[in-house]
Peer 1: 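Please find one structure pasted underneath; my questions will follow.
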Protein chains: 2
Amino acid sequence: MSPELDPPHGPRERLLAAACEAFREEGYQVSIDRIAARAQVARQTLYNHFHSKDALFGEVVRHSIQSVLVTLDGDGDVRATLLAFGDAYRARLLNPEGLAIFRTMVAEAPRFPELAKQFFRQGPYTTRKRLAKYLAQAMEAGELRKDDPDFAAEMLTAALIDLDRLRGLINLQTDLLKPTKTAQVVDCFLRAFAPEKDTP
Amino acid sequence: MSPELDPPHGPRERLLAAACEAFREEGYQVSIDRIAARAQVARQTLYNHFHSKDALFGEVVRHSIQSVLVTLDGDGDVRATLLAFGDAYRARLLNPEGLAIFRTMVAEAPRFPELAKQFFRQGPYTTRKRLAKYLAQAMEAGELRKDDPDFAAEMLTAALIDLDRLRGLINLQTDLLKPTKTAQVVDCFLRAFAPEKDTP
DNA sequence: AGACAGGTAGACTGCCCAGTCTACTTTTGT
DNA sequence: ACAAAAGTAGACTGGGCAGTCTACCTGTCT
């Protein structure tokens with residue numbers, strides 16, 4: 001009857017949490033000893049739960065996928081839905097954790113190609129597919145110009161984060177989450193994908 | 001009267017070229033010995049020309065900045081100009097060299113923050129500023145909607161590469177440079193930034 | 001010929017790291 | 001209470017790497 005409280009008590013949970021932070025802050029090259037020390041656990045205990053550093057890294061990455069997934073709820077009108085999505089998307093990907101995961105995955109993609117593919121398929125790709133599905137519905141309903149919904153989703157997600165992610169990846173995190181940015185991008189997107197009605 | 005031919009003969013040039021390839025292919029963690037071997041030069045010769053690995057890395061990065069700079073020539077109409085720019089921009093940033101530089105700079109930005117800032121300011125930032133300047137002219141001439149030219153430049157550059165760069169950074173380089181993509185993005189951009197003329 | 005600048009090979013220091021092994025201690029289930 | 005399971009500390013192996021140093025070689029200029 002181990003408690004299994006919210007703050008993790010078992011060494012395995014402590015190790016996962018510690019490894020998550022450590023890889024995030026120092027990248028894959030952080031040493032096993034530092035991870036074990038951060039979890040307040042002996043090195044051998046780490047190897048009792050994860051058979052190698054690579055295995056631990058894989059577990060951490062798979063656990064991190066959920067933290068970059070974003071959902072939509074298509075309640076209000078299109079603009080309101082996209083504003084909510086845009087704010088959530090930017091919040092997820094531009095906070096320090098999202099930036100660190102992106103940095104680490106990009107840096108280690110050559111060493112862990114399958115893991116990187118899995119991450120990007122289950123994370124950003126899934127998010128974009130959800131958005132595309134919503135946009136397809138809006139196109140059907142005549143609320144958006146009839147176009148390729150995957151292309152439209154690509155345009156919106158790119159516009160929402162591309163430059164600000166770059167700013168965050170170096171250090172210029174100043175006013176990253178300027179709240180007007182999402183609305184500016186969404187309105188720009190809505191102009192580009194407004195329903196065709198003018199034939200002057 | 002050393003020849004100074006096109007293929008570099010001096011050990012310094014050979015070292016720079018070798019280090020450029022080596023850092024590109026294996027990242028910063030490539031060993032000094034591998035760089036020296038690739039340049040067919042003794043390790044001590046490397047240290048005679050560059051006083052540390054970090055110094056060599058800095059030289060290579062500074063040399064690489066020009067390879068991600070893109071210019072515009074505003075000859076034809078706006079669409080033709082942007083198509084030419086878009087093709088050049090995608091070609092520069094999505095080829096293996098551009099992707100490798102991006103990966104390395106993102107990965108090493110925490111270790112070399114000043115170098116990373118310098119790179120992104122003199123590279124992508126400069127390119128975007130050139131584009132913004134052109135867009136501002138087009139806005140003045142009434143060929144584009146009057147809006148913030150920096151924001152417009154951000155939208156176009158993001159749309160041109162964000163997702164395809166991600167694809168390239170993992171491995172799915174298949175049909176990255178699909179030639180219709182640039183036109184698709186530019187036409188989408190032109191819809192979003194068409195001059196305002198309709199007040200129905 | 002001889003001096004000198006610059007290249008070379010390789011040993012060497014000092015450091016860090018992944019992963020294993022051993023002997024010891026604590027926790028836990030019954 | 002006791003035995004099995006799980007954790008601990010630390011030594012140890014084997015390897016890699018940055019950077020220094022020494023002794024040697026080669027070309028060039030005079």
Side-chain angles (χ1 to χ4, degrees), chain A residues 1-5 7-62 104 107-108 110-115, chain B residues 1-5 7-62 104 107-108 110-115:
Chain A
M1 57 181 74
S2 55
E4 216 63 54
L5 298 176
H9 273 59
R12 192 169 199 282
E13 286 70 28
R14 286 221 309 280
L15 275 165
L16 269 177
C20 201
E21 292 171 30
F23 283 132
R24 191 188 315 156
E25 292 173 15
E26 308 186 44
Y28 176 78
Q29 51 264 40
V30 72
S31 79
I32 284 285
D33 285 324
R34 286 177 70 82
I35 296 172
R38 196 190 273 253
Q40 289 176 291
V41 137
R43 178 173 53 249
Q44 186 59 49
T45 304
L46 187 153
Y47 282 106
N48 287 344
H49 289 278
F50 307 94
H51 88 287
S52 72
K53 186 183 184 181
D54 288 10
L56 174 59
F57 183 66
E59 289 289 315
V60 166
V61 168
R62 277 180 280 272
T104 304
E108 302 304 330
R111 209 192 318 230
F112 302 97
E114 291 311 315
L115 189 62
Chain B
M1 56 180 74
S2 53
E4 218 61 55
L5 296 178
H9 273 59
R12 192 167 199 284
E13 286 70 29
R14 285 220 311 277
L15 275 165
L16 269 177
C20 200
E21 293 171 29
F23 284 131
R24 191 188 316 156
E25 291 173 17
E26 308 186 44
Y28 177 78
Q29 51 264 40
V30 73
S31 78
I32 284 285
D33 284 325
R34 286 178 69 83
I35 296 171
R38 196 189 273 253
Q40 289 177 289
V41 137
R43 180 172 52 252
Q44 186 58 52
T45 304
L46 188 154
Y47 282 105
N48 287 344
H49 289 279
F50 307 94
H51 89 286
S52 73
K53 186 183 183 180
D54 288 10
L56 175 58
F57 183 66
E59 289 290 315
V60 166
V61 168
R62 278 180 279 272
T104 304
E108 303 303 331
R111 212 194 312 234
F112 302 98
E114 291 312 314
L115 190 61

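In what follows, every heavy atom counts, from backbone to side chain, and hydrogens, waters and symmetry copies are set aside. Numbers restart at 1 for each chain; the letters A, B, ... are given by sequence-line order, proteins then strands. Here the structure is a predicted model, which is why all the values come from computation and not from measurement.
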Peer 1: Using a strict cut-off of less than 4.0 Å between a Lys/Arg side-chain nitrogen and an Asp/Glu carboxylate oxygen, indicate whether Arg24(A) and Glu21(A) qualify as a salt bridge.
Peer 2: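 Not counted as a salt bridge, because no side-chain N and carboxylate O are separated by less than 4.0 Å.
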Peer 1: Grab the two heavy atoms, one from Val60(B) and one from Cys20(B), that are nearest each other, plus how far apart they are.
Peer 2: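 What the structure gives for the nearest pair is CG1-CA, 3.8 Å.
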Peer 1: Atom CG in Leu15(B), atom CD1 in Ile35(B): separation rounded to 0.5 Å?
Peer 2: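 One finds 8.5 Å between CG of Leu15(B) and CD1 of Ile35(B).
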Peer 1: I'd like to check the side-chain hydrogen bond (donor to acceptor under 3.5 Å, both in side chains) partners of Gln40(A); sequence neighbours left out, ordered by chain and number.
Peer 2: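 Once residues adjacent in sequence are excluded, Gln40(A) has no partner under the side-chain hydrogen bond (donor to acceptor under 3.5 Å, both in side chains) criterion.
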Peer 1: Reading nucleotides 6-21 of chain C from the 5' end, what letters show protein touch, with B for base, S for backbone sugar-phosphate only, - for no heavy atom under 4.0 Å?
Peer 2: -SB--B-----SSBBB
Peer 1: Does anything in residues 27-36 of chain A form a side-chain hydrogen bond (donor to acceptor under 3.5 Å, both in side chains)? List the pairs, not counting sequence neighbours.
Peer 2: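 Found Glu26(A)-Arg34(A), Tyr28(A)-Asp54(A), Asp33(A)-Arg43(A).
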